[in-house]
Chemist: 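One structure, pasted below without further comment.
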Amino acid sequence: MSACVPARADSARTEHVHPPHSPPPGGRRRFRVAGADVSAAIAVFLIALPLSLGIALATGAPLQAGLVAAAVGGIVAGRIGGCPLQVSGPAAGLTVVTADLIQQYGWRTTCAITVLAGLAQLGLGCLRVARSALAVSPAIVHGMLAGIGVTIAVAQLHIVLGGTPQSSVPDNLVALPAQLANVHPADLAVSVLTLTLLLLWPRIPGRAGQLLGKLPPALIAVAGATAVATLTGLLLPKVDLPSWSSHALATLPDGPVLGLVAAVLTTTLVCSVQSLLGAVAVDKLVAARPAATGHVKRSNLDRELLGQGAANVVSGSLGGLPVAGVAVRSSANVAAGAVSRNSTMLHGVLVVIAALLLVPALELIPLASLAALVMTVGFKMVSLNHIRTVTRHREVLVYAVTTCGVVFLGVLEGVALGIAVAVGVALHRLTRTRITHDDAEGVHHVHVRGQLTFLAVPRLSRVLHQVPHGADAVVELDGSFMDHAAYETLQDWQKTHTAQGGAVDITGRRPGTRISEPAEVDGCRCRPWTPWRNHQCERPSTAPPSGTDRQPTTGGSHGAASGPRTGKRTGRTTGTTTTPATAAPGTPGTPDGSARVTRATGRELARGISAFHRNTAPLMRRELARLAREGQQPSQLFLTCADSRVVTSMITSSGPGDLFVVRNVGNFVPLPGEESGDDSVAAAIEYAVDVLKVRSITVCGHSGCGAMQALLGAGPGDTRTPLQRWLRHGLPSLDRVPAETHTHADGDAHEDEDAHANGHRPDRPPLPRLAGRAPADAVERLCLANVVQQLEHLRAHESVARALDAGDLELHGMYFHVGEAQSYLLSEDAEGGVFQLVLETDLTA
């Protein structure tokens, strides 16, 4: 009987114990807030306070409404929402919508509309439709935000100049000349001071800039302008916070039903889409942080919608502005190192404290300073990065129409126009198919770009019949969709052309586009880099009874064995009989095991080559023909390990002619010299630098390197075999690593008595390290040190040293983690060098 279980569970004296292998239950858990969350909450609070007042000013709502929305967004949405690090509150994207509602229905009815929008969000969250909101084209969302930003900036410009904004952008533009002729110097001076501090504060140079830059520019700008206005005694409008006892709360909505329904739908749409897209953006920011900052769960979008709905119900009931996820505050929260939702909630508590205790200080803030701050936010909503992105994806028309619609018609009308244009563009792309024909070296190429539908069948048939009878033809399908009419047209032409003595090869960018083998269309999901043993291009076949013959299976798209093969293989086809994989060599009735494996690997090689000829060669033939004519002109020498898991072209996204690759066991660069040198590696380096004129050399190590493991376990006299003699080139790398970190073959850790607490002796260079985490084990530590050591060996080669002195060559270190499929590049700015993770960044944006 287990000692963890009492002898008699029904005994009156028996006490319940904790489950086996579990720690005993402690006392009642106390609520704790991490230090990172406290500092992040303070940083977000300092940003939220002036922005909340400025957005309330821009909407025409009572200024206290901005503080109410900020507090409720932090506490309610932060506690219930599904994105732990997203900060909610009054958002600039809701400014135009709220301002229109206040002007049309009044403030108290606007609060009621906010409550109804929150209830609608709760309903959508219960229906679990949050993901469907992401189906809205990003071009529409960016266009909507840009239109709102233009509207905000134009309206706030009047307050910056000392005037009063009009109700629409056209009216504001018409009134702008008169406003410029009647500028109020005090308001303009405070606004200019605010803008100057906003722009220059983050650019303070030196150590002072590093320290002062931690303070939010928005807070510094408003505080600085307020201090100057107070000390100089400028007479200009300032913040007016009435007593909380007279604060206006929501009332029953009053107005036409259709108008109220449209207002609720508009508020719900803008709040929901902005919050959900913000949650997705926060997930990306969190994923880009170093792992040492702590694990944060990915967003639950349905729960986030519930949290936003609850916050809007509470905010509207208490007389606050509509609430949504805010990009600026969320980004600051992530950047400040927040690790849980406690930072968001604590920032809301700080807003409540400020609203109750700091009223005299808040009432010193000039309205012109807040207007300048919000105007800057509006200009930033017109993002050049977004414009470049939509232009690259050919959606600039959708973006422009949405922006103009929001500016001149309104948010709901502008979004509706954007959706209509986006649908029209999608239909145009679906029906627009480009089909061309050319003749290259006797092979007729038919290129189909776009989707093949019945509308393109006449053009397809006309181009296909331009191919002469009996000629070799390649049909390249550059699209992801083909309907039944196009499929039959292409298949019928292929059969006819083949019957007349011609040859047809139908290829496409995506696997499964081959017409002649429908089975592959359904089953093949392989890629050119899929390992042989993971190919599943053939239909699984049922093994016949033992001892019976069966027909050989047909080769698949990439030449794989039947069915999935993961680790243990269930059988192989040899000739026309099935040989069980579990039969040992020498078993009666089975061929020798080694011969069987040789035949199997030979078939894998032949099938892989066949797949290349069939699928990849037609796409690469022109490029390879050009390289054959022009010769190789690589830009880099890439020196890496011979490990089969390191696929250089895949991890660098390079193609033929890009890399001059040298591979050896351990990615070693032997020092030049008669005794220790290695002519093969030295010859490759000399040829790459002096003949090919490469511009950079990269030494790439990888995780789980067998050469590094052998180095750690090798004895001092192990030089009997060629492999052991080769590993002597890694001894300088081994010397870089402190002996107390070596785990030898006997499993004992040998300490170095002279080692210092910092991990290296005075005569040993500092160890390179990974950014964000410590090396996982001694092998990874040695892999990093080996990359740095081989870079030093490279500099000892005469050709490399000469090119480095002339400024014609760069050296790079790289570490590839096989299990995580992540690459790190060496940065030698820090002592010893730091391998930085290469982030998933759109470098073309």
Chemist: Applying ring pair (Phe, Tyr, Trp, His ring centres under 6.0 Å), can you list everything that pairs with His386, at least two apart in sequence or on another chain?
Modeler: His142

Chemist: Start with the C-alpha gap between Val415 and Thr266, add the side-chain angles, then the distance that decides, and say whether side-chain contact (heavy atoms from CB on, under 4.5 Å) holds.
Modeler: CA-CA 10 Å; Val415 171; Thr266 303; over 6 Å; no

Chemist: How long is the gap from CG on Leu276 to CG on Leu305, to the nearest 0.5 Å?
Modeler: 5.5 Å

Chemist: With side-chain contact (heavy atoms from CB on, under 4.5 Å) as the test, would you mind laying out the steps for Leu373 and Val222 before giving the verdict?
Modeler: CA-CA 8 Å; Leu373 174 64; Val222 173; 3.9 Å; yes

Chemist: How about Leu235: does its CG atom have over 12 heavy atoms from other parts shown lying under 6.0 Å from it?
Modeler: no

Chemist: What closest approach, in Å, do Val190 and Ala229 show between heavy atoms, and which atom pair accounts for it?
Modeler: CG2-CB, 4.3 Å

Chemist: If you define the side chain from C-beta out and look only at heavy atoms, does anything of Ile419 sit under 4.5 Å from Ile140?
Modeler: yes

Chemist: For Thr196, is there any backbone N or O sitting under 3.5 Å from a side-chain donor or acceptor partner on Trp201?
Modeler: no

Chemist: Any idea which heavy atoms bring Pro216 and Leu46 closest together, and the distance?
Modeler: CG-CB, 3.7 Å

Chemist: Are any of the side-chain heavy atoms of Leu321 and Thr98 separated by less than 4.5 Å?
Modeler: yes

Chemist: Below 4.5 Å, heavy atoms only, C-beta onward: do Arg341 and Leu85 meet side chain to side chain?
Modeler: no

Chemist: Looking at side-chain heavy atoms only, is the closest gap between Val421 and Leu397 below 4.5 Å?
Modeler: yes

Chemist: How long is the gap from CG on Leu356 to CG on Leu67, to the nearest 0.5 Å?
Modeler: 9.5 Å

Chemist: Between Glu413 and Leu417, is any pair of side-chain heavy atoms under 4.5 Å apart?
Modeler: no

Chemist: Quick one, Leu188 with Leu161, criterion side-chain contact (heavy atoms from CB on, under 4.5 Å). Give me CA distance, side-chain angles, the key distance, then yes/no.
Modeler: CA-CA 5 Å; Leu188 182 60; Leu161 298 175; 4.0 Å; yes

Chemist: For Ala36, does its backbone N or O pair with a side-chain atom of Ser39 as donor and acceptor, under 3.5 Å?
Modeler: yes

Chemist: Decide whether Thr194 and Ser369 meet the rule of one side-chain donor and one side-chain acceptor closer than 3.5 Å.
Modeler: yes

Chemist: Hey, are the side chains of Ser299 and Val280 touching, using non-hydrogen atoms and a 4.5 Å cut-off?
Modeler: no

Chemist: To the nearest 0.5 angstrom, please state how far the CG atom of Leu101 sits from the OG1 atom of Thr59.
Modeler: 10.0 Å

Chemist: Can a donor-acceptor pair be found, under 3.5 Å and without considering hydrogens, that links the side chain of Asp37 to the backbone of Val339?
Modeler: yes

Chemist: Looking only at side-chain N and O atoms, does Ser275 offer a donor or acceptor that is under 3.5 Å from a partner on Glu304?
Modeler: no

Chemist: Tell me the closest heavy-atom pair linking Val270 and Val97, and the distance in Å.
Modeler: CG2-CG2, 4.2 Å

Chemist: Run the numbers on Gln274 and Gln308 for side-chain contact (heavy atoms from CB on, under 4.5 Å), then give the verdict.
Modeler: CA-CA 11 Å; Gln274 182 168 343; Gln308 297 294 332; over 6 Å; no

Chemist: Quick one: closest heavy-atom pair of Met381 and Ala92, and the distance?
Modeler: SD-CB, 3.8 Å

Chemist: Is there a side-chain contact between Ile365 and Leu53 (heavy atoms, below 4.5 Å)?
Modeler: yes

Chemist: For the atom pair CZ (Phe379) and CG (Leu157), what is the distance rounded to the nearest 0.5 Å?
Modeler: 7.0 Å

Chemist: I'd like to know if the side chain of Arg329 reaches the main chain of Val44, judged simply by a donor and an acceptor atom lying under 3.5 Å from each other, with no hydrogens or angles considered.
Modeler: no

Chemist: Looking at OH of Tyr105 and SG of Cys111, how far apart are the two atoms once the value is rounded to the nearest 0.5 Å?
Modeler: 15.0 Å

Chemist: Working note: Thr114 + Asn312, criterion side-chain hydrogen bond (donor to acceptor under 3.5 Å, both in side chains); need CA distance, chi angles, decisive distance, verdict.
Modeler: CA-CA 6 Å; Thr114 302; Asn312 275 313; 5.7 Å; no

Chemist: With no hydrogens and no angle check, is any side-chain donor or acceptor of Arg128 less than 3.5 Å from a backbone partner on Asp302?
Modeler: no

Chemist: Please confirm whether the backbone N or O of Val390 pairs with a side-chain atom of Arg394, one donor and one acceptor, at under 3.5 Å?
Modeler: no

Chemist: Please find the pair of heavy atoms, one from Leu357 and one from Pro360, that lie closest to each other, and give the distance.
Modeler: O-CD, 4.2 Å

Chemist: So, Asp171 side chain and Gln166 main chain: donor-acceptor pair closer than 3.5 Å or not?
Modeler: no

Chemist: Quick one: pull up CD1 in Ile42 and CD1 in Ile47 and give me the separation to the nearest 0.5 Å.
Modeler: 12.5 Å

Chemist: May I ask you to decide if Ser340's main-chain N or O and Ser343's side chain share a donor-acceptor pair within less than 3.5 Å?
Modeler: yes

Chemist: If only atom types and distance count, is the side chain of Ser330 paired as donor or acceptor with the main-chain N or O of Val87 below 3.5 Å?
Modeler: yes

Chemist: May I ask you to decide if Gly106's main-chain N or O and Thr109's side chain share a donor-acceptor pair within less than 3.5 Å?
Modeler: no

Chemist: Around Arg79, counting heavy atoms of other residues, nucleotides and ligands shown, do more than 12 lie under 6.0 Å from its CZ?
Modeler: no

Chemist: I'd like to check Cys126 versus Leu306 (side-chain heavy atoms, cut-off strictly below 4.5 Å). Are they in contact?
Modeler: yes

Chemist: Determine the minimum heavy-atom distance between Pro90 and Val326, stating which atoms define it.
Modeler: O-CG2, 4.0 Å

Chemist: Just checking, is any N or O donor in the side chain of Thr268 or Gln121 under 3.5 Å from an acceptor N or O on the other one?
Modeler: no

